[in-house]
Colleague: 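Structure below; questions to follow.
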Amino acid sequence: MDEASRSPTVTLADDALLGLLLPFWQLVIAAVVLVVVVLSVVRLARRGPSRMGTALLVTATAIIALAVVGVLLS
């Protein structure tokens with residue numbers, strides 16, 4: 001019976017620890033995404049204005065498509 005009384009406490013402690021770590025991992029993921037986006041923009045800017053225009057059109061199309069899919073699925 002002693003094990004049964006400790007089980008919820010351990011579960012709560014595990015959840016609390018994961019709750020504290022969750023914002024940290026979100027920050028790590030956001031930092032990695034930000035670095036990749038900045039590096040890709042710098043690389044694209046070095047290639048010239050014609051490729052930047054094409055990239056902006058492709059990006060805008062992808063954003064609009066994702067928005068439409070999100071609205072249709074919600």
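Remember, predicted model here, so these are calculated numbers, not experimental data.
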Colleague: Who passes side-chain contact (heavy atoms from CB on, under 4.5 Å) against Val35, sequence neighbours left out?
Modeller: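 side-chain contact (heavy atoms from CB on, under 4.5 Å) check on Val35 returns Leu39.
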Colleague: Which pairs would a plain distance check flag for residues 42-50, meaning a side-chain donor or acceptor within less than 3.5 Å of a matching protein atom at least two apart in sequence or in another chain?
Modeller:
none

Colleague: Please report, to 0.1 Å, the donor-acceptor pairs under 3.5 Å made by any side chain of residues 57-74, with sequence neighbours excluded.
Modeller:
residue, atom, partner, partner atom, Å
Thr59, OG1, Ala55, O, 2.7
Thr61, OG1, Leu57, O, 2.8
Ser74, OG, Gly70, O, 3.3
Ser74, OG, Val71, O, 3.1

